[in-house]
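First comes the structure, then the notes that go with it.
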Protein chains: 2
Amino acid sequence: MTVIFSKTCELGLQAVLFLSIKKEKRIFTAGEVSKELKVPKEYVSKVMQILTESGIIGSKKGKNGGFYLAKSPSSIKLIDIVEAIDGLEIFNNCVLGFPGCSNENPCPVHEKWGKLRDDAYKMLSNETLEQLKEKTLHKLVNL
Amino acid sequence: MTVIFSKTCELGLQAVLFLSIKKEKRIFTAGEVSKELKVPKEYVSKVMQILTESGIIGSKKGKNGGFYLAKSPSSIKLIDIVEAIDGLEIFNNCVLGFPGCSNENPCPVHEKWGKLRDDAYKMLSNETLEQLKEKTLHKLVNL
DNA sequence: CATAAATCGGATTTTTTATTCTGATAATAT
DNA sequence: ATATTATCAGAATAAAAAATCCGATTTATG
């Protein structure tokens, strides 16, 4: 079981982080990313297609093709990837699954969860890939 | 898509909250809970079985049977239900899905997520059903 | 221009999760 | 004591999500 993101989203985040620590415009095949992250090539391919559609990464077909960051690491945030793959519903839905949870008709943990949810959103939307570069580098070399 | 808990866990939380606002030892059939929470009777039945196994609620078979809280609302916490159904892995696993995420080999958001995760855990383990009673009551009458 | 290498995108398979069905069991009433 | 009723609890089914496969297409290179 995953923590809050779908497994596909986790992989998307990992893949984009991987691209962000490499030189700009350097291109990687799904196979290369797959090898580095130790996940199936086909699954990487699938996930990167989704991210290509949403404009976060670019793809080049044919020989010497592959995937690359479409924007600079300083203008991409983790929340962008989450939004592209899982969407933002988790930041709106009731954590207990009650229908119609709102400030007017709150669930028992509405207020407390709201604070946590906002903090999580901030965490994902404040820092850019550029700012995470060093930490990312360190983690990926130790995979 | 759910927020962090499985749908089964959400229903478990709702069902236990429902029982907690009723007089102690009062017994409810799966059908009654189902009607109140507006979810299929069979699914309620299934979820309450799991909670019965883990000792949070009790069950009585036969005519006039049903389910009831096995302990007092002041000694049950939301985390107990989460643990019984989804387990506590979400409080240990890496939010980005990286293997071997730890203080020694942290992912890019390890520290920040750790804080959020601990806050969430606290939220679920600090308050008892008794303390949530009023809020629960208010929410359930408005379903 | 033909070949090789690589993606794309849909289709398929597998796995997990959600939901429903059914038989065994328990309790009440006659 | 037996029949009847209503439950629980496990098994079976359906639905959703994850993972994989494959053919069509694209592009660089010889």
Side-chain angles (χ1 to χ4, degrees), chain A residues 1-15 19 25-35 37-70 82 84-87 89-90 93 97, chain B residues 1-15 19 25-35 37-70 82 84-87 89-90 93 97:
Chain A
M1 190 175 172
T2 60
V3 178
I4 32 171
F5 307 129
S6 70
K7 214 160 185 195
T8 302
C9 188
E10 288 183 350
L11 177 50
L13 288 162
Q14 293 184 13
L19 291 178
K25 283 294 171 190
R26 172 111 204 259
I27 227 172
F28 291 87
T29 69
E32 288 173 310
V33 178
S34 151
K35 210 169 275 180
L37 298 177
K38 299 180 174 53
V39 285
K41 171 177 163 308
E42 294 82 3
Y43 197 18
V44 168
S45 176
K46 181 98 217 152
V47 172
M48 297 192 101
Q49 274 173 42
I50 299 172
L51 293 172
T52 301
E53 270 176 33
S54 56
I56 293 166
I57 64 182
S59 75
K60 190 184 167 204
K61 284 188 175 181
K63 202 169 182 180
N64 301 328
F67 298 95
Y68 54 88
L69 277 194
V82 172
I85 300 179
D86 280 353
E89 302 94 62
I90 59 164
N93 294 348
Chain B
M1 190 176 172
T2 59
V3 178
I4 31 171
F5 307 128
S6 70
K7 214 163 184 193
T8 302
C9 189
E10 288 183 351
L11 178 49
L13 288 161
Q14 293 184 14
L19 291 179
K25 284 290 169 191
R26 185 139 179 238
I27 229 172
F28 290 87
T29 69
E32 287 173 310
V33 178
S34 151
K35 209 170 274 179
L37 298 177
K38 298 178 172 53
V39 284
K41 168 176 163 313
E42 292 84 1
Y43 197 18
V44 168
S45 176
K46 179 95 219 158
V47 173
M48 297 192 100
Q49 275 173 44
I50 298 172
L51 294 172
T52 300
E53 272 177 30
S54 56
I56 294 166
I57 64 182
S59 75
K60 190 186 167 200
K61 283 188 173 182
K63 206 168 180 181
N64 302 326
F67 298 94
Y68 54 90
L69 278 194
V82 172
I85 299 179
D86 280 353
E89 303 95 62
I90 59 165
N93 294 348

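Computed from a predicted structure; not experimentally measured. Throughout, protein chains are lettered first and strands after them, A, B, ... in sequence-line order, and every chain is numbered starting at 1.
Relative to the side chain of B/Tyr43, the nucleotides C/dA29, C/dA18, C/dC8 differ in distance, and C/dA18 lies closest. In this structure, the nucleotide among C/dT7, C/dT25, C/dT28 sitting nearest to the side chain of A/Ser59 is C/dT7.
Nearer the 5' end of DNA chain C, as judged by each residue's closest nucleotide, is the contact made by A/Gly62, out of A/Glu53 and A/Gly62. Toward the 5′ end of DNA chain D lies the nearest nucleotide of A/Phe5, the other residue of the pair A/Phe5 and A/Asn64 mapping further downstream. When each of B/Lys46 and B/Gly31 is assigned the nucleotide of DNA chain D bearing its nearest heavy atom, the one mapping closer to the 5' terminus is B/Gly31.
Side-chain N or O atoms of B/Thr52 include none that pairs as donor or acceptor with a backbone N or O of B/Gly58 at under 3.5 Å. Within the 3.5 Å criterion, the main-chain N or O of B/Val39 finds a donor-acceptor partner in the side chain of B/Ser34. Not a single donor-acceptor pair under 3.5 Å links the side chain of A/Ser45 to the backbone N or O of A/Lys41. Checking side-chain atoms of A/Glu53 against main-chain N and O of A/Ile50 turns up no donor-acceptor pair under 3.5 Å.
Straight-line distance from the CD atom of A/Gln49 to the P atom of C/dA11: 13 Å, rounded to whole Å. Atom CE of A/Met1 and atom C1' of C/dT17 are 10 Å apart (whole Å). Taking atom CD1 of residue A/Ile57 and atom C1' of nucleotide C/dC8, one finds them 13 Å apart after rounding to whole Å. Rounded to an integer number of Å, the gap from B/Ile27 CD1 to C/dA26 P is 15 Å. The interatomic distance linking B/Lys61 (NZ) with C/dT25 (P) rounds to 7 Å, in whole Å. Atom-to-atom, CD of B/Glu42 to C1' of C/dT20 comes out at 6 Å; the value is rounded to the nearest Å. Atom-to-atom, NZ of A/Lys63 to P of C/dC8 comes out at 18 Å; the value is rounded to the nearest Å. As rounded to whole Å, 15 Å separates atom P of C/dT16 from atom CG of B/Asp86.
Taking 4.0 angstrom as the limit, B/Lys7 places a side-chain polar atom (N or O) nearer than this to OP1 or OP2 of C/dT19.
Residue B/Gly66 is in sugar-phosphate contact alone, with no base atom involved, counting any heavy-atom pair closer than 4.0 Å across all strands shown. Residue contacts shown for B/Lys41 are absent, as no nucleic acid heavy atom lies under 4.0 Å away.
Nearest approach of B/Asn93 to A/Met1, heavy atoms of both residues: ND2-O, 3.4 Å. Contact between A/Ala84 and A/Leu51 at its shortest, heavy atoms only, is CB-CD2, 4.2 Å.
When each of A/Val33, A/Val47, A/Ile85 is paired with A/Leu11, the side chain to side chain contact (heavy atoms under 4.5 Å, CB included) condition holds for A/Val47 and for no other.
First and last contacts of DNA chain D with chain B, using any nucleotide atom under 4.0 Å from a protein heavy atom and ordered 5' to 3', fall at D/dT7 to D/dA11.
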